[in-house]
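What follows is one structure encoded as structure tokens, with my remarks underneath.
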Amino acid sequence: MEAVLAQIEAFKAEISSFTANDAAGVEAFRIRFLGTKGIVKQVMGEMKQVPVEQKKAFGQILNEFKAFAEARYEALQSASQQHATDESLLDYSLPGDAFPVGARHPLSLVRNQIVSIFQRLGFALAEGPEIEDDWHNFGAMNLPEDHPARDMQDTFYVSQNPSWLLRTHTSSVQARIMESQQPPIRVICPGRVYRNETISARAHCFFHQVEGLYIDEHVSFADLKQTLYYFVQEMFGKDTKVRFRPSYFPFTEPSAEMDISCLICGGDGCTVCKHSGWVEILGSGMVHPKVLENFGIDSNKYTGFAFGMGVERICQLKYRVNDLRLYSQNDVRFLSQFKGAL
Ligand code: DAH
């Protein structure tokens, strides 16, 4: 009995000196003293040991102890609430907590820049589906079934229905536009494309392109060159050099690929430009008369030019990204470097 009374006195001392600055501290007090396995319950359990004639007196002591603990609990509670709302304790001069802000994906940044340059020239934004049929991706673009140029782009077919495929280039959007619009046509079409390639630093099974199409009366190769020249100057700066090389695409005739002077080494030669000083950034050409006729556009009256460029390649040159896989790994250490970029 004496031992229990001494224990109660010790607990009272602990209760009196218990401090709590916040709700968590108050809760810790409640659990220690008033919880279902708390000290008050434990001490109450001692009642069983007490001889009958002393039970009444001991019961009184226990009730007082319980009330003592409860009173302290309430006091701590109201003190902590007051603490939380006491304006005089707030220091408004402390710096605020920074909260994390996202950044645009580098490919979105570059795509938006490309699109906005062409919008300034009067091109309208257009998009098409990523799942296409053979006609829009190949046939209409002058790539009939046995055309060897189909091998240039390894295609993913939809297994349930092999007449569907994942578009291999945004040139399919050209077909969609010509099918639904009559000239004059002036569109810029960004989008994702897919090719059956082994993933490495230099190749990926999906990437992004921007397609351009301009059809009207009297559109010439000079218009094509001047438009793309303007684009390069806006995108990469006035000092960037440009060269056109004759090339082949089934949907354009004549066709040309465009190189710019390497932005990484300034033309001196590096691994990105394979020591040539030049980097290819797009394919282009005058829309093949057959493509126009596929959509009932009179190729004697109308001419047009088209071009297609890879967004990843331009991003690589602008931001020096050296591995294509970085674009889709979603590593915050990579992505957060583009905070504040235009
Ligand atoms: N579709 C071509 C490719 O993916 C790029 C291209 C070349 C698009 C010439 C065009 C063009 O519109 O005229 O490699």
Side-chain angles (χ1 to χ4, degrees), residues 111 114-115 118 123 126-130 132 134-144 147-156 165-179 183 185-197 202-216 219-229 231-232 242-260 279-292 294-295 297 299 302-314 324:
R111 180 203 53 209
I114 299 169
V115 167
F118 284 100
F123 284 73
E127 279 179 290
E130 290 179 16
E132 264 298 2
D134 199 271
W135 169 249
H136 291 92
N137 194 78
F138 292 125
M141 301 313 291
N142 201 25
L143 279 139
H147 199 290
R150 282 198 183 202
D151 299 342
M152 284 159 68
Q153 304 177 357
D154 252 326
T155 311
F156 282 121
L165 50 85
L166 299 182
R167 66 179 176 196
T168 59
H169 54 181
T170 44
S171 300
S172 60
V173 188
Q174 285 190 38
R176 296 260 161 208
I177 295 291
M178 285 188 259
E179 161 180 271
I185 292 170
R186 203 164 14 168
V187 286
I188 188 84
C189 322
R192 181 174 285 183
V193 302
Y194 301 83
R195 289 184 200 176
N196 192 355
E197 304 246 11
R202 296 162 158 272
H204 210 288
C205 59
F206 66 80
F207 54 98
H208 300 79
Q209 291 187 329
V210 177
E211 191 85 10
L213 177 67
Y214 182 18
I215 304 173
D216 203 346
V219 176
S220 71
F221 202 88
D223 297 320
L224 161 78
K225 283 178 84 171
Q226 201 52 45
T227 304
L228 293 178
Y229 190 52
F231 162 71
V232 167
V242 171
R243 78 177 182 190
F244 284 86
R245 275 180 296 104
S247 184
Y248 171 77
F249 298 103
F251 28 90
T252 45
E253 183 58 39
S255 306
E257 279 170 319
M258 189 174 85
D259 299 342
I260 61 169
V279 201
E280 181 203 321
I281 62 158
L282 57 81
S284 64
M286 300 305 292
V287 180
H288 198 294
K290 253 180 145 170
V291 174
L292 296 174
N294 278 339
F295 297 99
I297 297 171
S299 62
Y302 293 107
T303 50
F305 67 75
F307 56 87
M309 65 183 95
V311 181
E312 278 81 353
R313 164 51 63 90
I314 292 176
L324 276 177

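Remember, it's 1-based here, ligands and their atoms both numbered in the order they're listed. A quick note: this is a predicted structure, and the numbers were derived from the prediction, not measured.
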Kindly say whether the aromatic ring centers of Phe231 and Phe123 come within a distance under 6.0 Å.
-> no
Can you sort out which atoms of ligand 1 are near Phe249, meaning under 4.0 Å from one of its heavy atoms?
-> 7 (C), 9 (C)
Phe305 heavy atom under 4.0 Å from ligand 1 = no
Does any non-hydrogen side-chain atom of Leu228 lie less than 4.5 Å from one of Phe305?
-> no
Counting each atom of ligand 1 from 1 as listed, which ones have a heavy atom of Ser171 under 4.0 Å away?
-> 1 (N), 8 (C)
So, His208 and Glu312: side-chain donor and acceptor under 3.5 Å apart, yes or no?
-> yes
Of Phe244, Tyr214, Phe118, Phe249, the one forming a ring pair (Phe, Tyr, Trp, His ring centres under 6.0 Å) with Phe307 is Phe118
Ring-ring centroid check Phe251 His169, cutoff 6.0 Å | yes
Check: His136/Glu179 side-chain N/O donor and acceptor closer than 3.5 Å = yes
Is there a nitrogen or oxygen of Gly283 sitting under 3.5 Å from a nitrogen or oxygen of ligand 1?
-> no
Thr252: numbered ligand 1 atoms lying under 4.0 Å from its heavy atoms | 13 (O)
Indicate, as side chain, backbone, both or neither, the part of Arg195 found under 4.0 angstrom from ligand 1 when only non-hydrogen atoms are considered.
-> side chain
For ligand 1, is Gln174 a contact, meaning one of its heavy atoms is under 4.0 Å away?
-> yes
Determine whether any heavy atom of Glu257 lies closer than 4.0 Å to an atom of ligand 1.
-> no
Do the non-hydrogen side-chain atoms of Arg176 and Pro129 ever get within less than 4.5 Å of each other?
-> yes
Say whether Thr168, considering both its backbone and side-chain N or O atoms, lies within less than 3.5 Å of an N or O atom on ligand 1.
-> no
Quick one: side-chain hydrogen bond (donor to acceptor under 3.5 Å, both in side chains) partners of Glu130, sequence neighbours excluded?
-> Tyr194
Under 4.0 Å from one or more heavy atoms of Ala306, ligand 1 contributes atoms 12 (O), 13 (O)
Contact atoms of ligand 1, heavy-atom distance to Gly285 under 4.0 Å = 13 (O)
If you count the atoms of ligand 1 from 1 in the order shown, which ones are under 4.0 Å from a heavy atom of Gln209?
-> 3 (C), 4 (O)
